[in-house]
2 protein chains.
Amino acid sequence: MSHPHPELSAPPALAPDGMRIVALGGLGEIGRNMTVFEFGGRLLIVDCGVLFPEEEQPGIDLILPDFEYIRDRLDDVEAVVLTHGHEDHIGGVPFLLKERADIPLVGSTLTLALIEAKLTEHRIRPVTVRVTENERHRFGPFECEFLAVNHSIPDALAVAIRTPAGLVLHTGDFKMDQLPLDGRLTDLGAFARLGAEGIDLLLCDSTNAEVPGFVTSEREIGPVIDEVFRTAQERIIVACFASHIHRVQQVLDAAAANGRKVCFVGRSMVRNMGVAGELGYLRVPDGILIEQRQIEDVPPDRLVLVCTGSQGEPMSALSRMANRDHQIRITERDTVMLASSLIPGNENAVNRVINGLTRWGARVVHKGNALVHVSGHASAGELLYVLNLTRPGNFMPVHGEWRHLKANARLAELTGVPRENIVIAEDGVVVDLVGGQAKIVGAVPAGYVYVDGLSVGEITETSLKDRRILGEEGFVSVVVGVDSSSGKLVAGPEIHARGAGIADEDFDEVIERIEAVLREAAADGVSDLPQLSQLIRRTVGRWVNENYRRRPMIVPVVVEV
Amino acid sequence: MSHPHPELSAPPALAPDGMRIVALGGLGEIGRNMTVFEFGGRLLIVDCGVLFPEEEQPGIDLILPDFEYIRDRLDDVEAVVLTHGHEDHIGGVPFLLKERADIPLVGSTLTLALIEAKLTEHRIRPVTVRVTENERHRFGPFECEFLAVNHSIPDALAVAIRTPAGLVLHTGDFKMDQLPLDGRLTDLGAFARLGAEGIDLLLCDSTNAEVPGFVTSEREIGPVIDEVFRTAQERIIVACFASHIHRVQQVLDAAAANGRKVCFVGRSMVRNMGVAGELGYLRVPDGILIEQRQIEDVPPDRLVLVCTGSQGEPMSALSRMANRDHQIRITERDTVMLASSLIPGNENAVNRVINGLTRWGARVVHKGNALVHVSGHASAGELLYVLNLTRPGNFMPVHGEWRHLKANARLAELTGVPRENIVIAEDGVVVDLVGGQAKIVGAVPAGYVYVDGLSVGEITETSLKDRRILGEEGFVSVVVGVDSSSGKLVAGPEIHARGAGIADEDFDEVIERIEAVLREAAADGVSDLPQLSQLIRRTVGRWVNENYRRRPMIVPVVVEV
C-alpha cells in the first residue's frame with residue numbers, strides 16, 4: 001500500500017502493451033469524478049463531474065477537473081463514458097465539450113436524457129451513444145462491457161474495460177440494495193464472471209468504506225414517509241435532491257395513498273422529474289400533479305410540495321421559508337421533511353434551516369430523527385462482497401477523501417489483495433498497468449479549476465487567498481496624491497476602511513503618521529511609487545495592529561499628480 | 001407552548017412578589033450561557049459564557065452576551081453563580097468584571113480555580129465565594145441551594161433558587177452517568193426532594209433533548225483507549241478538550257498501564273491539568289509526566305502527547321501536524337486519537353485534520369470509528385427522569401438551539417407539564433414568574449457582542465456584512481483625482497482589484513468608460529463628490545457584471561486636487 005507522493009515527477013512513456021490510468025478528480029475528494037484511461041495512444045474518459053466548493057473556496061460556483069493533461073490530446077479521446085446522471089459525474093461535461101464538441105457521450109437512457117437536458121441549457125447538441133447493461137461496445141482500442149449497478153439514481157452502470165493490457169473494472173458509484181424499488185440489482189453475477197475471467201485492476205467506489213455493515217434498503221423509507229403523511233396536520237413540504245427519482249417516487253406514492261396533490265417546485269426538480277416521468281423511470285399517479293399556480297386552489301391538508309434545498313442552500317425556497325422570506329409562510333400546522341443526506345460541509349446551513357423552521361413551529365422530520373434517507377454508496381460490508389467476488393489482481397480505491405480511500409484499501413487487504421498490489425493515488429497521480437502489475441509512475445497537474453460567474457479557470461489561488469483575508473479582516477485603503485517630481489504630498493491621505501471594524505474618523509492619528517513618513521521620504525529624495533506604497537502599508541499596518549490587534553489588508557494607492 | 005415572539009416590546013414593571021428571568025445567552029444557540037434572575041430589585045446571574053463564532057461571523061474571536069440590560073444595574077447584582085468551568089459558562093466573566101470588578105463569583109472549588117487561572121491572565125483578582133453541593137448560601141433575597149450534577153467536567157453544580165416568588169431549579173449542564181469516574185452522581189435524591197417541596201419553575205439543559213436514550217458512561221471509553229494504546233506501533237497523540245479532566249485521567253491511566261510517558265502540549269492543556277492535579281481532580285501516576293523539552297529523550301513507542309486541537313482549529317498543533325507544518329512529523333507508525341465531540345460547525349475542519357493525518361499514514365481513531373467520546377449532556381431518556389422526579393409547575397428549556405428547546409419542551413409535555421406552563425423563550429425574552437405561573441411579558445435587547453482583537457462590541461453587523469461580501473467577491477477600488485473647481489479629471493482613474501479575479505490590466509476598457517462618464521458629468525456641471533463616486537460605482541459595477549457576472553464591492557475614491 002503506497003503512501004503520499006511528495007515529489008512525483010512527470011511520468012515516463014507508457015509501455016506499448018500497458019494501460020495508463022490518471023484520475024483528474026475524485027481521488028482525495030468527493031466530487032468532480034473523472035478518470036482518463038490510455039492505451040495505444042488513445043484515451044477513454046470515465047465521468048466528468050463537478051465538485052461543489054467549501055468555505056475555503058469563497059465565492060466560487062463550481063470546481064472542475066483540470067483538463068490540461070488532455071488538452072493537447074482531445075483528438076485522441078474516443079469517448080466519455082458517463083456511469084450515471086449525478087452532477088459529480090456529469091456536471092463537467094458542458095465545459096469539456098466547449099473544448100471539443102463532438103466527443104461521443106456514452107451512457108444509459110436516463111443518464112443521457114439528464115445530460116442532454118443540461119446541455120440544451122448550454123445550447124450544445126452532443127454526439128451520444130446509448131448503451132444498456134450487458135452490452136459490449138468498442139471505442140477505439142477500448143472494449144467496454146456495461147453492467148447494471150444500483151445507486152441513488154436509476155439506470156447507473158459499472159464499466160469493464162478490456163484492452164490487451166488487461167481487464168479493468170470501474171464500479172462507478174454503487175450500492176447493493178437487495179430489494180431495490182425498480183428491481184434492478186447490482187449485477188454481482190457479472191462481477192463474479194469477470195472475477196473468474198481475471199480482473200487485473202479494480203477501481204472501486206470508496207465513499208462509505210469507513211461505514212461498517214450494509215446500507216438499509218430504499219424501500220424501508222416508504223412506511224416512514226407514509227406515517228409522516230398520515231399524521232401531518234396541514235401542508236407537507238418535502239425537500240430532496242432533484243435527481244433522486246426513487247425518493248420522489250415514494251413521496252408520490254405516499255401522497256396518492258393519503259389523497260394529496262403534489263407540486264414540484266424549482267427548475268431542476270421540475271426538469272428532472274419531467275424527464276424521468278416521460279421515460280418511465282418515475283410512475284406518476286393519474287391527476288396527482290399540480291402546477292405551482294394551482295397551489296392556492298388546494299386545501300393545505302391536501303397538499304405536498306416537493307422542492308430542493310435539502311442542503312440548506314441559502315437561495316433555495318426551503319431556506320427562504322425558514323427565514324420567513326418566501327410567499328409560503330411556515331406555521332405550526334406545517335410538516336417539513338428533509339428526505340436526503342447531509343453532505344459534509346453543509347451541516348451548519350442545514351442546521352440553520354431546521355432551527356428556522358422549528359422556530360416557526362413546523363414539525364421537521366429529517367435523517368437525524370427518522371429513517372427518511374439511506375445512502376447511495378456501498379458500506380464496508382457490501383464492498384467486501386465485491387472484493388471477494390472480483391478477486392482483483394490490483395486494487396485502486398476511487399471516489400473518496402484520503403480517509404475513505406485508505407479504509408477501502410484496508411478492506412482489499414483483508415480480503416487478500418497483496419499490499420504491493422494496492423494503489424492509493426491522488427488526483428493527477430499516474431498509474432500504469434503493465435504485465436498485470438499496477439504501479440505509480442509519476443504525476444501530472446490536476447489542480448482545481450474554478451468556475452466563478454462567466455469565467456472558468458481565471459480565479460487563482462491568489463484571488464482566493466485575498467478573499468479569505470478580506471473576508472476575515474476587511475481592508476483599509478489609503479490614497480495619497482504626490483507631486484510627480486518632488487514626491488511631496490499634494491492630496492490626501494484619504495483613508496477608507498470596509499469590514500475592518502474601524503470608523504473612517506478613527507484614522508486621524510495615523511493620517512498624521514503617514515504625513516510625517518511621506519515628509520521624511522520626500523526629504524530623503526524617495527519618490528519611487530512602489531517604495532512610497534510600501535512605507536504607507538507598513539505605517540498603517542503597524543498602527544492597526546498596535547491599536548486593534550487585527551491585520552486587515554492594507555491597500556495603498558499613490559497617485560502622481 | 002408559546003412560539004416566536006415577533007413583536008415583543010419592553011416588559012412592564014415586575015410585580016413586587018414576582019421573579020423575572022431573562023436569558024442574555026444560551027437560548028436559541030449553544031454557548032454564551034447567561035441567565036439573569038431578578039427579585040425585589042436585586043439581580044442574581046447564573047453563568048456568563050462565550051459563544052464561538054461560525055462562518056457567518058468571519059474574523060470574530062468570541063461572541064459575548066450583551067450586558068446592556070444590566071449595565072445600569074450592575075450595583076444591583078448580588079452574585080454570579082458559575083455552574084461549572086466550561087468556556088461557554090465562564091468565558092464572559094473577565095468582560096463582565098471589567099464593568100464591575102467586585103461582583104462576587106460563586107462556584108465549586110474546581111470552577112473557581114479555573115476562572116481564577118483565567119482571570120490571572122487578565123490581571124483581575126476576583127471576589128469569590130466557594131460553595132459545595134448540599135450547601136445553602138444567601139445572596140440578597142436569593143436563597144441558593146447547590147446540588148451535585150455530573151457533567152463532562154468535574155465539580156459541576158445545579159442551583160435551586162428560593163425567593164418569595166417560589167422555588168426555581170436551574171440544572172446547569174448535566175448528564176446522569178450512573179458509574180461516573182469520580183463517583184459523584186447527579187443528585188436525583190435532591191431533585192426528588194425539591195420536587196416534593198414544589199418546584200415552581202425548572203430551567204433545564206436541552207442540548208441533547210433530540211437524542212433518544214441514555215448517554216454511555218465515560219467509564220466505557222477506558223477499555224477502548226487501552227486497546228488503542230496496546231496496539232499502537234509508536235507515538236500516540238491524543239487530542240481532547242483542555243477541560244475534560246476525566247478523559248485525560250483515562251489517558252493517563254492507559255499510559256501508565258502500557259508503560260508510556262505523557263507530555264501535555266499547549267497552554268490551556270498545561271494550565272488546566274496543572275490546576276486539576278494540584279486540587280486532586282486529576283490523579284497523576286508518579287513520574288509519568290514529562291516536559292515538552294524531554295520528548296526527544298523518550299523512545300517513540302513509550303510516548304503519549306496530549307494536546308488540544310480536536311475541533312480542527314487551524315493554528316493548533318494537531319492541525320499543523322496534519323499539514324506537515326509542525327516539528328512532529330506524522331508517519332505510518334503514529335496513532336492519533338481525537339477523544340472528543342465534534343462541535344457542530346467544525347465538521348469540515350475536523351475532516352481536514354483526519355484526512356491530512358491519514359494521508360501521512362497515521363492510524364486515526366475518532367468518535368466515528370471507535371467509542372472514544374461520550375457526550376456531557378443528558379439525552380431524552382435522562383431528561384424524562386428529571387422531569388418525572390421534579391414535576392415542575394412551569395418548564396423553561398435552556399441551553400440549546402430552537403430544535404433542542406422545542407424537543408425538550410415536548411418531553412416536558414409528555415411527562416404531564418401543561419402546555420400553557422411551558423415557556424420557550426429566546427435570548428432577551430423576559431419571563432415573569434408570578435403567583436406560580438411563568439409567562440412571557442416582553443423582550444429586551446440581547447444581540448451578539450463581538451470580540452475581535454482588542455475591541456469589544458465595536459464590530460457591527462455592517463462590518464460583518466462587508467466582510468462577507470469581500471470574502472465572496474473581493475473588491476475593485478477606483479481612484480480619480482478631480483480639479484476642485486471644474487470637476488475635471490486630472491489624475492487616474494487608477495484601478496486595483498483584490499479577490500475579484502480580475503487582473504489590473506483587464507480594466508483598460510472600463511477606464512475609458514469612466515473617463516467618458518466623468519467628461520459628461522463635468523460638461524453637465526456635476527462636481528459633487530458623492531455624486532461622482534456614485535457615477536463611478538455604477539459604471540464599474542455594471543461593466544463587471546456584464547463581463548464577469550460577479551458583484552465585487554466597488555470602492556470609488558474621488559480626491560480633489
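To find a chain, count down the sequence lines: A is the first, B the second, and so on, and within it residues start at 1. Excluded from the calculations below are hydrogen atoms, water molecules and symmetry mates; all remaining heavy atoms, backbone and side chain alike, are included.
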Based on non-hydrogen pairs under 4.5 Å, which of [options] is most in contact with chain B?
{"options": "A:K465, A:H496, A:R550", "answer": "A:R550"}
{"options": "A:I60, A:N545, A:D452, A:I354", "answer": "A:D452"}
{"options": "A:Q57, A:E458, A:E472", "answer": "A:E472"}

Counting only non-hydrogen atoms closer than 4.5 Å, does [X] touch chain B with its backbone (N, CA, C, O), its side chain (CB onward), both, or neither?
{"X": "A:V555", "value": "side chain"}
{"X": "A:A500", "value": "backbone"}
{"X": "A:S455", "value": "both"}
{"X": "A:E473", "value": "backbone"}

Exercise for the section: Test B:V557 against every option in A:V478, A:V479, A:V557 by the side-chain contact (heavy atoms from CB on, under 4.5 Å) rule and name the one that passes. Expected result: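 Looking at A:V478, A:V479, A:V557, the match for B:V557 under the side-chain contact (heavy atoms from CB on, under 4.5 Å) is A:V479.
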
Problem - Shortest non-hydrogen contact from B:G471 toward A:P58 - result: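 Scanning both residues, the minimum pair turns out to be O-CB, 2.9 Å.
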
Handout entry: Taking every non-hydrogen atom, the tightest pair across A:G501 and B:S463
Key =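 In terms of heavy atoms, the two residues are closest at CA-OG, 3.7 Å.
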
Exercise for the section: Inspect the contact between B:E426 and A:R359 and indicate whether a charged nitrogen and a carboxylate oxygen are less than 4.0 angstrom apart. Expected result: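 Answer for the salt bridge query: yes.
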
Hey, could you give me the [atom1]/[atom2] distance between [X] and [Y], rounded to the nearest 0.5 Å?
{"X": "A:L405", "Y": "B:T358", "atom1": "CG", "atom2": "OG1", "value": "10.0 Å"}
{"X": "B:N355", "Y": "A:K406", "atom1": "CG", "atom2": "NZ", "value": "11.0 Å"}
{"X": "A:R549", "Y": "B:L454", "atom1": "CZ", "atom2": "CG", "value": "5.0 Å"}

Practice task
Please identify each residue that fulfils salt bridge (Lys or Arg N to Asp or Glu O under 4.0 Å) with B:D466, with sequence neighbours left out.
Solution key: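 Scan of B:D466 (salt bridge (Lys or Arg N to Asp or Glu O under 4.0 Å), adjacent residues dropped) gives A:R498.
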
Handout entry: Distance-only donor-acceptor check, side chains A:E210 and B:N369, under 3.5 Å
Key =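 Looking only at side-chain atoms, B:N369 and A:E210 do not form any donor-acceptor pair under 3.5 Å.
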
Problem - Contacting moiety of B:V480, where chain A heavy atoms sit under 4.5 Å - result: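 Contact with chain A involves no heavy atom of B:V480 at all.
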
Practice task
Answer with side chain, backbone, both or neither: which region of B:D61 has an atom nearer than 4.5 Å to a non-hydrogen atom of chain A?
Solution key: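 Neither part, no heavy atoms under 4.5 Å.
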
Problem - Heavy atoms of other groups near B:R468 CZ, more than 12 under 6.0 Å - result: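 Yes, enclosed.
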
Exercise for the section: Take atom CZ of A:R542 as the centre, draw a 6.0 Å sphere, and report whether it contains more than 12 heavy atoms from other residues, nucleotides or ligands. Expected result: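 Incorrect, the count does not exceed 12.
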
Handout entry: B:F475 vs A:R467, side chain to side chain contact (heavy atoms under 4.5 Å, CB included): CA-CA, chis, key distance, verdict
Key = CA-CA 9 Å; B:F475 71 88; A:R467 285 184 186 176; over 6 Å; no

Exercise for the section: Show your reasoning for whether salt bridge (charged side-chain N to carboxylate O under 4.0 Å, His left out) applies to B:E56 and A:R352. Expected result: CA-CA 11 Å; B:E56 304 86 84; A:R352 270 195 294 279; 2.7 Å; yes

Problem - Note, A:R403 side chain near B:N351 side chain (heavy atom, < 4.5 Å) - result: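 A side-chain contact under 4.5 Å exists here.
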
Handout entry: Partner residues of A:F52 under the ring-ring contact (aromatic ring centres under 6.0 Å, His included) criterion, sequence neighbours left out
Key =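 ring-ring contact (aromatic ring centres under 6.0 Å, His included) check on A:F52 returns nothing, list empty.
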
